[in-house]
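For reference, the structure discussed in these notes is given below.
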Amino acid sequence: MIHQRLATTTDAGIPAASDEFSLTVGPGGPTVLHDHYVVQKIQHFNRERVPERVVHAKGSGAYGFFEVTEDVTGWTKAAFLSEVGKRTPVFVRFSTVAGELGSPDTNRDPRGFAIKMYTEDGNFDLVCNNTPVFFVRDASKFQDFIHSQKRMPDTGLRDNNMQWDFWTLSPESAHQVTILMSDRGTPRTYRHMNGYSSHTYSWMNAAGERFWVKYHFKTVQGVQNLTDAEAKALAGEDPDVHRRDLRDAIASGHAPEWRLEMQIMPFAEAADYRFNPFDLTKVWPHEDYPPITIGRMILDRNPANYFAEVEQAAFDPSNLVPGTGLSPDKMLMGRIFSYHDTHLHRIGTNYQQLPVNAPKAPVRSYNKDGPMTYRHAGSQPVYAPNSYGGPVADPELASELGWGVEAAEIGRYAYDKHAADDDFAQPRALYRDVMTDTDREHLITNIVSHVNAGVHPDVQARVIEYWANVHHDLGAHVSKQLNGG
Ligand code: NDP
């Protein structure tokens with residue numbers, strides 16, 4: 001893009017003397033230290049990068065809006081959901097999980113689908129994935145899981161053996177690994193995949209009634225995936241293919257759209273549902289809780305600057321506005337701490353003041369100062385309570401959404417077992433009842449190709465057992481093909 005030529009300046013706005021030549025003693029002499037312009041240019045360059053995200057490093061983003069299409073006031077009093085036709089601006093960031101900043105978009109991996117809605121009650125963030133479940137159900141296993149997907153400490157190489165070792169020792173991963181190894185592990189574009197809250201959250205209506213809910217953003221473009229071979233070829237041909245696709249689609253007026261469907265469970269039903277409805281490795285069958293379409297989300301504007309907007313975007317599942325809330329999902333509890341903490345490390349104390357992260361609602365907080373403070377309230381008192389007109393918290397407005405807990409000993413527990421809790425039943429249903437013959441065939445060849453790339457014989461034996469637990473036919477096919485059949 002050609003811009004009108006204006007004079008270069010320093011970052012202090014002073015005209016710069018040259019874009020080409022350092023200040024030297026004669027044409028061949030040494031460069032002088034007081035060439036502050038070039039020295040500061042070097043210093044700024046050295047600080048151009050912030051630490052990349054430990055997970056979801058490679059991402060792409062776009063702006064758009066969310067629009068309510070059904071009356072949901074019977075379930076929630078959230079202001080941004082208060083009337084049909086109401087629109088809320090959004091920013092969405094899609095990503096892979098394990099790869100670094102420059103890694104190929106088409107690697108087999110779950111995809112992040114993080115949504116920030118700039119509501120009148122502050123930011124509402126849903127940090128979704130393109131899969132409805134996750135590999136583990138307790139936050140204490142998350143770091144180990146991610147280490148197993150990243151690189152070996154000695155060689156710096158990724159290692160499929162490490163991945164299968166972790167998965168086969170963690171049977172709760174079977175549902176998510178089934179989806180990951182299916183063609184849904186290699187979406188065709190970011191536009192052709194769904195986004196799921198995966199976690200159970202909660203809603204509360206104006207009468208104080210509570211509901212457990214799951215959010216499903218369903219692609220209007222239709223789910224489309226790459227085969228393993230297509231994904232591997234594209235990784236070499238165009239590692240940025242998904243970023244390019246999203247940008248080009250929006251720039252050419254083909255704004256992608258998603259339907260928001262909700263699953264809604266009356267609050268009291270969780271206690272004796274046949275499996276634990278807060279377990280992140282399980283979906284709620286549609287038959288039990290049919291999805292209800294309540295809105296649509298459209299992405300129709302590209303960011304103007306990749307680093308300022310997409311790289312510095314920071315999402316936080318604890319950003320929940322009145323009328324919406326958490327659930328006792330133990331992974332969600334871990335994420336509530338983790339996201340804000342990682343942004344403090346990665347971007348800095350005041351990351352929420354950056355334009356892409358800043359709420360459009362007024363901020364009246366007693367937090368103050370820190371590097372790069374931009375927003376402030378002038379002479380507002382810096383402590384509460386005060387007698388000089390500072391803001392006063394209003395519990396009525398906040399209306400935190402809680403749930404009861406039975407008196408119990410503090411300890412390290414698995415979830416209470418419900419009658420039908422089983423790590424393999426849902427992946428079995430997916431394999432047996434939902435997948436087509438082609439889906440099953442690709443699942444098997446994708447597993448075998450992944451395991452054949454470096455998984456040790458003892459772990460391979462566990463891989464066969466793992467898939468046999470999902471379905472005996474699946475175990476038999478994997479075994480046969482791994483053994484050259
Ligand atoms: P349903 O038959 O009502 O739903 C099956 C759902 O599976 C579909 O609606 C679709 O959800 C999704 N799906 C279709 N093809 C594939 C595929 N190749 N790979 C992954 N998912 C696919 O049955 P249930 O609700 O009883 O669920 C049965 C199984 O389906 C579950 O155990 C789970 O593995 C899987 N599933 C269920 C979801 C749920 O929320 N109930 C969501 C996604 C998968 P979508 O429209 O969301 O793509």
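Just follow the structure's listing: the first ligand is 1, and inside any ligand the first atom is 1.
When each atom of ligand 1 is checked for a heavy atom of N194 under 4.0 Å away, the hits are 45 (P), 47 (O), 48 (O). Interface of Q263 with ligand 1, defined as ligand atoms under 4.0 Å from a residue heavy atom, comprises 40 (O). Which parts of ligand 1 touch H216 is read off a 4.0 Å heavy-atom cut-off, strictly below it: atoms 40 (O). Of all atoms in ligand 1, listed by their number and element, those nearer than 4.0 Å to a heavy atom of W284 are 39 (C), 40 (O), 41 (N).
If you check which protein heavy atom lies closest to atom 18 (N) of ligand 1, you get D439 OD2, 3.4 Å. The nearest heavy-atom contact from the protein to atom 32 (O) of ligand 1 is Q426 O, 3.0 Å. Protein heavy atom closest to atom 47 (O) of ligand 1, with residue, atom name and distance, is Y196 OH, 2.6 Å. Of the protein's heavy atoms, L430 CD1, 3.9 Å lies nearest to atom 35 (C) of ligand 1. The protein heavy atom nearest to atom 42 (C) of ligand 1 is P132 CG, 3.8 Å. Among protein heavy atoms, atom 3 (O) of ligand 1 sits closest to H286 ND1, 3.0 Å. Looking at atom 16 (C) of ligand 1, its nearest protein heavy atom turns out to be R184 NH2, 3.6 Å. If you check which protein heavy atom lies closest to atom 26 (O) of ligand 1, you get P285 CB, 3.5 Å.
Here the two rings, on F124 and F80, have centers that are under 6.0 Å apart. Proximity of the aromatic rings of Y351 and H340 is defined here by a centroid distance below 6.0 angstrom, and this criterion is met. In this structure, Y415 has its ring center at least 6.0 angstrom away from the ring center of Y413.
A salt bridge links R244 with D238: the distance from a Lys NZ or Arg NE/NH1/NH2 to an Asp or Glu carboxylate oxygen falls below 4.0 Å. Between K141 and D138 no salt bridge is recorded (no basic side-chain N to carboxylate O distance below 4.0 Å). A salt bridge is defined here as a Lys NZ or Arg NE, NH1 or NH2 lying under 4.0 Å from an Asp or Glu carboxylate O, and E261 with R296 fails to meet this definition.
Not a single N or O atom of S182, backbone or side chain, sits closer than 3.5 Å to an N or O atom of ligand 1.
Under 4.0 Å from ligand 1, the heavy atoms of K218 that appear belong solely to its side chain.
Residue K282 places every heavy atom at 4.0 Å or more from ligand 1. Put simply, no part of K214 is less than 4.0 Å from ligand 1, judged by heavy atoms. Under the 4.0 angstrom criterion for non-hydrogen atoms, V434 is in contact with ligand 1.
Taking the ring axis of W258 as reference, the NZ or CZ atom of K218 does not stay both within 45° of it and closer than 6.0 Å to the ring centre.
In this structure, the side-chain contact (heavy atoms from CB on, under 4.5 Å) partners of F337, at least two apart in sequence or on a different chain, are D341.
Side-chain atoms of N225 and D183 form no donor-acceptor pair, as typed in the model, at a separation below 3.5 Å. Checked by atom type, the side-chain pair D71/T73 shows a donor-acceptor distance below 3.5 Å.
With R137 as reference, D423 is the one residue of D421, D329, D423 to meet the salt bridge (Lys or Arg N to Asp or Glu O under 4.0 Å) rule.
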